[in-house]
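These figures come from a predicted structure and were not determined experimentally.
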Amino acid sequence: YMTEVILKSKRKVKVKELSLDQVADLNDIPEIKFDNGVVSTIKNLNKAKLAWLRCGLGGGDFDNWEPNGVAPPDMVLKQLTDAEQDELVEKIKEAQTLSKKKSLS
């Protein structure tokens with residue numbers, strides 16, 4: 001299942017619905033270390049962002065890319081600005097947590 005999203009830049013993208021296992025794996029990528037109850041180190045943030053984009057991006061306004069069910073290649077992700085990447089990761093995460101109301105009748 002995919003949802004179409006329009007980023008602030010006006011770029012249209014398609015966001016995939018991920019399995020609970022995929023979401024858990026993606027959420028486990030960042031490593032957060034605490035020192036006396038305060039965050040002292042955060043590792044793997046860029047790795048996590050890239051993984052969310054590869055798993056969650058299903059299509060959109062990109063040059064020379066026909067989505068075929070595999071993760072988007074580097075040349076697609078390089079078409080996104082840093083701001084678009086950050087916004088898209090948030091949209092991908094939001095799409096995973098939105099509950100869909102279903103009738104029980």
Completion exercise
Closest non-hydrogen contact found for G59 with P67 is CA-CG, 3.6 Å

Handout entry: Fellow cluster residues of L53, listed by chain then number, with links counted only when side-chain atoms sit under 4.5 Å apart
Key = V5, L7, V13, V15, L18, V23, L26, I29, L50, W52, L57, F62, W65, M75, V76, L77, L80, L88, V89, I92

Practice task
Taking all heavy atoms of E87 and all of I6, pick out the closest pair and write down the distance.
Solution key: OE2-O, 4.5 Å

Handout entry: Test side-chain contact (heavy atoms from CB on, under 4.5 Å) applied to M2 and E17, step by step
Key = CA-CA 6 Å; M2 284 200 244; E17 183 177 324; over 6 Å; no

Fill in the blank from the handout: Those residues at least two apart in sequence (or on a different chain) that pass side chain to side chain contact (heavy atoms under 4.5 Å, CB included) with K33 are E31, S40, T41, K43

Exercise for the section: Using the test side chain to side chain contact (heavy atoms under 4.5 Å, CB included), find all partners of E90 that sit at least two apart in sequence or belong to another chain. Expected result: K93

Fill in the blank from the handout: The reported gap from NZ in K16 to NZ in K14 (rounded to nearest 0.5 angstrom) is 12.0 Å

Exercise for the section: May I ask you to list the residues sharing a hydrophobic cluster with I42, side-chain cutoff 4.5 Å, ordered by chain and number? Expected result: I32, F34, V39, L45

Exercise for the section: Give a yes or no on whether N68 atom CG has more than 12 heavy-atom contacts from other residues, nucleotides or ligands under 6.0 Å away. Expected result: yes

Handout entry: Pair listing, salt bridge (charged side-chain N to carboxylate O under 4.0 Å, His left out) test, anchored in residues 56-69, at least two apart
Key = none

Problem - Partner set under salt bridge (Lys or Arg N to Asp or Glu O under 4.0 Å) for E84, not counting sequence neighbours - result: R11

Handout entry: Selection residues 44-60 - residue pairs positive for salt bridge (charged side-chain N to carboxylate O under 4.0 Å, His left out), sequence neighbours left out
Key = K49-D86, R54-D74

